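Here the structure is a predicted model, which means the values were calculated and not measured. The figures that follow rest on heavy atoms only: side chains count, while hydrogens, waters and symmetry mates do not.
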Amino acid sequence: MAKYPFSDIEKKWQQRWEDEQTFRAVEDERFPKDKRRYVLDMFPYPSGAGLHVGHPEGYTATDIYCRYLRMNGYNVLHPMGFDAFGLPAENYAIQTGTHPAVTTYTNINRFRQQIKSLGFSYDWSREVTTCDSEYYKWTQWIFLQLFKKGLAYEAEMPINWCPSCKTGLANEEVKDGHCDRCGTKVVRKRIRQWVLKITAYAERLLADLDNLDWPEPIKLMQRNWIGRSEGASVRFAIAPREGSESAAADSASSSAEGDQLEIYTTRPDTLFGATYMVLAPEHPFVERITTEARRAAVQGYIDEAAAKSDLERTDLAKEKTGVFTGAYAINPVNGARIPIWISDYVLISYGTGAIMAVPAHDSRDWDFAKKFGLPIVQVVAAPGETGPFDREPETCTDADGFAVNSGQFDGLSTKEAIARITAWLEERGIGTKSINYKLRDWLFSRQRYWGEPIPVVHCETCGIVPLSEADLPLTLPEVKSYAPTGTGESPLAAIPEWVNTTCPRCGGPAKRETNTMPQWAGSCWYYLRYLDPHNGGAFADQEKIDYWMPVNLYVGGAEHAVLHLLYSRFWHKVLYDLGLVNTDEPFMRLVNQGMILGEDNQKMSKSRGNVINPDDIVESFGADAMRVYEMFMGPLEVSKPWSTAGLVGVSRFLERLWAISERPIVDEPMNADLEKLLHKTIKKVANDTSALNFNTAISQMMIYSNELAKLERIPRAAWEPLVLLIAPYAPHLGEELWARLGHSESISKATYPVFREELTIDEEREIVVQVNGKVRSKFSAPAGTPTDALIQMAHNAEKIADWLAGKEIVKAIAVKNKLVNFVIKG
RNA sequence: GCGAGAGUGGUGGAACGGCAGACACGCCAGACUUAGGAUCUGGUGCCUUUCGGCGUAAGGGUUCAAGUCCCUUCUCUCGCACCA
């Protein structure tokens with residue numbers, strides 16, 4: 001049998017779609033709001049390696065869904081573009097001297113051609129590229145809005161620095177103390193940075209997750225990343241010096257007296273158990289409170305801590321370290337004089353950088369107290385525990401219970417004690433209820449070339465001055481060397497004619513900002529630019545935003561859970577607050593596709609030699625086979641290994657459809673059984689497709705086509721619906737078969753088949769007869785036969801009399817249309 | 001350590017609490033064929049000659065009935081990681 005000529009067919013229809021602009025999306029008011037859908041793919045970074053079989057998985061899923069929606073009368077926006085700023089092109093430039101733009105656009109052209117070869121129904125007229133100055137003009141414009149709102153600020157702060165990428169990294173880009181991109185161990189470095197105040201939106205970013213139809217694990221990851229906790233801020237007075245220490249104290253140290261040391265705790269109920277305090281080594285009080293006698297030891301510890309990498313500092317396995325400062329604080333609830341230590345187990349970046357240590361009820365404090373012989377006082381007892389509570393406890397517990405050794409609060413439940421002690425602190429002005437977040441502000445500057453220049457200047461008289469919006473885009477200058485200086489300045493700093501400029505405010509001499517934006521900037525809002533990609537006067541027209549937004553379905557990998565997906569929610573909320581977008585969330589529904597692994601069940605990688613190139617698959621099996629196979633492999637959301645043998649199976653299925661189409665298509669009625677199967681098939685394929693359960697939809701089409709394949713002559717009424725059903729999956733084949741059926745218009749404009757519910761119901765049902773839960777027989781009964789009649793019939797079913805002979809029927813259970821179960825004894 | 005998800009034939013995977021293994025790959029047998037992952041027919045979870053028994057990581061439980069619900073354990077994947 002002749003193979004179907006997929007190569008010719010696919011080329012032909014891709015050309016047709018392009019010539020006829022078949023998938024151009026137009027803001028047609030005749031479609032009411034609920035008949036419009038915005039279906040978005042995470043756009044790719046066009047790497048030099050070309051498209052990977054993982055890319056088409058999500059793209060195929062959304063494409064099938066979009067084609068399905070269009071055939072069901074929806075106006076669908078389905079765009080594609082490229083996330084084009086980024087380090088690989090820049091690193092390549094450093095090695096070869098090739099301008100990153102050259103590499104990037106070469107790669108984009110290759111990607112676009114590869115993506116098109118798979119026959120996706122994108123509206124290519126809306127393509128965006130983030131490194132295009134007409135695009136990043138608006139990235140810069142949004143940055144200016146953030147700046148004007150006070151959400152972008154400069155700070156000199158210790159940051160995560162990747163020595164290999166020679167740039168700072170956001171917290172979200174550090175995994176296990178290593179650079180997320182290149183795996184190099186990050187170090188701490190203190191340099192001037194641009195930071196976005198994402199923490200100002202922490203509460204909303206957290207709360208609004210509840211309204212999103214996103215996978216729970218992703219929402220949970222964002223919740224954990226934001227890390228909200230409730231507790232209290234409490235001020236501890238620094239105790240006056242005593243005895244010889246006081247006499248020895250110099251004037252600088254004694255000035256600390258009267259200072260208040262503020263801490264944050266989630267367990268104010270354990271205040272009576274605070275037996276010492278710990279400051280982060282970087283805490284500003286350390287210098288002031290350290291006594292002369294302890295100064296050398298303290299300074300030594302600080303130096304040691306500074307030399308350690310974050311990874312070493314946060315290694316949980318290591319023993320706690322620390323030194324005593326010589327100073328004491330007064331516990332405000334009981335007046336106890338408690339020593340103040342420093343230790344690197346307290347982080348300067350969280351809370352106030354200082355803690356009250358409650359060793360009886362915090363395992364970290366416990367470890368520390370045990371190591372340094374500090375007192376441990378139990379202040380929470382387990383429910384029912386009777387005491388006595390005057391001994392040092394044998395174990396540490398953070399479980400709830402009731403307060404002991406806590407003065408007037410004794411006996412209160414943990415919950416009650418937290419509320420009452422917090423109120424008591426507030427009355428006396430010693431503390432307040434307080435909320436903390438793990439989320440840090442977003443480190444937004446990169447000391448690299450290939451990114452959006454940050455559109456501000458540094459003026460000697462005016463300070464930081466934003467460029468006028470009319471001066472955007474601020475384009476990247478040409479440079480001789482792309483190599484980062486590594487000193488914390490980008491290559492842009494080496495171009496005086498670009499750096500030296502005039503202040504937009506006073507006209508005096510000023511220097512341009514030489515840091516660039518991180519790769520995440522462009523992807524924060526690209527879904528908005530698709531709405532109106534060529535607009536020169538605004539990032540997008542309001543009416544177009546209102547027409548399409550929000551995104552109804554967003555499909556992409558899970559690796560962006562706390563990066564892109566958090567950042568773009570933040571930007572979107574800022575734009576919402578400025579009245580520039582119509583919703584407070586950008587992506588209503590999110591689906592993460594699973595990874596496609598190599599045939600060896602390992603992650604695909606060049607080094608493992610298990611990489612599958614989509615071009616090869618399209619070449620030898622066709623784009624339709626590739627698409628259908630990727631959807632047939634298993635559920636979209638799970639990871640699954642590639643199997644070329646499995647691909648062959650799908651290819652045979654498409655061959656079979658072609659073979660069927662070559663038989664006589666006749667205007668004759670089909671038999672009742674086939675008609676039933678047809679309507680069941682339409683129902684299942686429609687339901688599964690709209691639910692993105694593509695694997696089971698394909699399976700059903702296989703079942704149906706296997707039936708059709710048994711016929712010599714194919715009734716048109718049995719064949720046309722199958723062609724329509726397969727079209728979203730195998731669009732080239734669908735078009736060709738549709739044309740061969742005599743239709744002149746694209747099948748993508750045809751109407752999806754409709755099933756008749758009554759034809760999906762079997763009037764005869766097979767009823768299973770069980771004895772003690774085990775299947776012993778079966779019989780056929782009309783649909784809807786009442787349960788008592790089913791039980792009667794079951795008695796007469798084959799072999800059942802033997803099973804019941806001499807036994808007592810304890811109970812007979814019947815489920816309509818399904819089964820009868822006899823429960824017997826003896 | 002904490003959190004989340006997942007464990008089903010030789011393989012990918014199906015299965016509103018109701019016949020476990022749909023569909024597909026592979027394999028076996030046969031047919032046909034100038035056989036370039038070809039096409040067609042039948043078979044294919046394991047044990048047993050049959051009757052039948054056993055089977056969804058392991059163990060327990062709820063139920064007339066459990067892959068599915070509950071508890072315990074194990075393994076794998078992912079995320080977080082001294083956040084007070």
(message) Is there, by distance only and without an angle test, a donor paired with an acceptor across the side chain of Lys320(A) and the base of C82(B) below 3.5 Å?
(response) yes
(request) Map Val562(A) and Val815(A) onto RNA chain B by nearest heavy atom, then report which one ends up closer to the 5' terminus. (result) Val815(A)
(request) Please list, chain by chain and in numerical order, all residues satisfying ring pair (Phe, Tyr, Trp, His ring centres under 6.0 Å) with Tyr350(A), sequence neighbours excluded. (result) none
(request) Please state how far atom CD in Glu798(A) lies from atom C1' in C51(B), giving the value in whole angstrom units. (result) 14 Å
(message) Is the ring pair Phe285(A)/His283(A) parallel, tilted or perpendicular, if the boundaries are 30 and 60 degrees?
(response) perpendicular
(message) Need to verify one output field. Residue with the more 5' nearest nucleotide on RNA chain B, Lys799(A) or Pro635(A)?
(response) Pro635(A)
(message) For Trp442(A) and Glu172(A), which I'm curious about, is there any donor-acceptor pair between the side chains at under 3.5 Å?
(response) no
(request) Would you mind reading off the distance between Lys175(A) atom NZ and A81(B) atom P, rounded to a whole angstrom? (result) 8 Å
(request) Ignoring hydrogens and angles, state whether a donor on the side chain of Tyr437(A) or Thr199(A) is under 3.5 Å from an acceptor on the partner side chain. (result) no
(request) Would you please confirm or rule out a distance under 4.0 Å between OP1 or OP2 of A84(B) and any side-chain N or O of Ser229(A)? (result) yes
(request) Measure from the side chain of Ser620(A), starting at C-beta and using heavy atoms only, and say which of A24(B), G37(B), G18(B) lies closest. (result) G37(B)
(request) With P as the reference atom in both, quote the distance from A15(B) to G3(B) in angstrom, rounded to an integer. (result) 30 Å
(request) Return the nearest nucleotide to the side chain of Pro641(A); candidates are G13(B), A15(B), A84(B). (result) G13(B)
(request) Report yes if a donor N or O on one partner sits less than 3.5 Å from an acceptor N or O on the other, where the partners are the side chain of Gln770(A) and the base of C64(B); otherwise report no. (result) no
(message) Can you tell me which nucleotide in G52(B), C25(B), G12(B) comes closest to the side chain of Trp803(A)?
(response) G52(B)
(message) To the nearest 0.5 Å, what is the distance between OG on Ser639(A) and CG on Asn601(A)?
(response) 9.5 Å
(request) For C19(B) and A66(B), measure between their C1' atoms and round to the nearest Å. (result) 14 Å
(message) In whole Å, measure the gap between the P atoms of A6(B) and G60(B) for me.
(response) 24 Å
(message) Whole angstroms only, please: what is the CH2-P distance between Trp642(A) and C25(B)?
(response) 15 Å
(request) Quickly work out the Trp341(A) CH2 to A84(B) P distance and round it to whole Å. (result) 24 Å
(message) Measuring to OP1 and OP2 of G53(B), would you say a side-chain N or O of Arg776(A) lies under 4.0 angstrom away?
(response) yes
(message) Output the rounded distance in Å from NE2 (His178(A)) to P (A81(B)).
(response) 13 Å
(message) Does the protein touch nucleotides 2-11 of chain B at the base, only the backbone, or not at all? Give it as B, S and - per nucleotide, heavy atoms under 4.0 Å.
(response) -SS-------
(message) Can you check the distance between C69(B) and U56(B), where both ends of the measurement are the P atom (answer in whole Å)?
(response) 15 Å
(message) When you compare the side chain of Trp803(A) with that of Ile824(A), does any pair of heavy atoms fall below 4.5 Å?
(response) no
(request) Indicate yes or no: at least one non-hydrogen side-chain atom of Tyr4(A) is less than 4.5 angstrom from one of Asp624(A). (result) yes
(request) Check the distance between G37(B)'s C1' and Arg656(A)'s CZ and give it to me in whole angstrom. (result) 14 Å
(request) Rounded to whole angstrom, note down the C1' distance from C71(B) over to G53(B). (result) 29 Å
(request) Identify whether the glycosidic angle of G9(B) places it syn (within 90° of 0) or anti. (result) syn
(message) Could you check whether Asp802(A) pairs with Arg776(A) (Lys NZ or Arg NE/NH1/NH2 to Asp/Glu carboxylate O, under 4.0 Å)?
(response) no
(message) Could you check whether any side-chain heavy atom of Leu443(A) comes within less than 4.5 Å of a side-chain heavy atom of Glu173(A), counting everything from C-beta outward?
(response) no
(request) Working to the nearest 0.5 Å, report the span between CD of Glu57(A) and CD1 of Ile596(A). (result) 4.0 Å
(request) Take the protein atom CD of Glu655(A) and the nucleotide atom C1' of A38(B), then report the distance between them rounded to whole Å. (result) 9 Å
(message) Taking C64(B) as the reference, what is the distance to U50(B) when you measure between their C1' atoms (whole Å, please)?
(response) 30 Å
(request) Return the nearest nucleotide to the side chain of Lys774(A); candidates are A15(B), C54(B), G18(B). (result) C54(B)
(message) Test ring-ring contact (aromatic ring centres under 6.0 Å, His included) on Tyr276(A) and Phe372(A); report intermediate values, then the result.
(response) CA-CA 11 Å; Tyr276(A) 64 100; Phe372(A) 293 105; 8.9 Å; no
(request) Only pairs at least two apart or in different chains count here, so list each side-chain hydrogen bond (donor to acceptor under 3.5 Å, both in side chains) that has a residue in residues 612-622 of chain A. (result) Gln114(A)-Asp615(A)
(request) Rounded to the nearest angstrom, tell me the gap between atom CG in Asp688(A) and atom C1' in A14(B). (result) 11 Å
(request) Between A57(B) and U68(B), how far apart are the P atoms? Round to whole Å, please. (result) 8 Å
(message) Under a 4.0 Å threshold between the charged nitrogen and the carboxylate oxygen, would Glu216(A) count as salt-bridged to Arg223(A)?
(response) yes
(message) What does the 5'-to-3' dot-bracket notation of RNA chain B look like when only Watson-Crick and G-U wobble pairs under 3.5 Å count, and pairs to other strands show as |?
(response) (((((((..(((.....[....)))((((((.......))))))(((....)))..(((((..]....))))))))))))....
(request) Can you figure out which of G18(B), A84(B), G13(B) approaches the side chain of Ile355(A) most closely? (result) A84(B)
(request) Between A24(B) and U75(B), how far apart are the C1' atoms? Round to whole Å, please. (result) 28 Å
(request) Just jot down the side-chain hydrogen bond (donor to acceptor under 3.5 Å, both in side chains) partners of Arg181(A), sequence neighbours excluded, or say none. (result) Gln519(A)
(message) From C-beta outward on Val648(A), which listed nucleotide comes closest to its side chain: G18(B), G37(B), G53(B)?
(response) G37(B)
(request) Tell me which residues in residues 625-634 of chain A put a heavy atom below 4.0 Å from RNA chain B, sorted by number, or none. (result) Phe632(A), Met633(A)
(request) Using a cut-off of strictly less than 4.0 Å, decide whether Asn706(A) has a side-chain nitrogen or oxygen near OP1 or OP2 of C23(B). (result) no
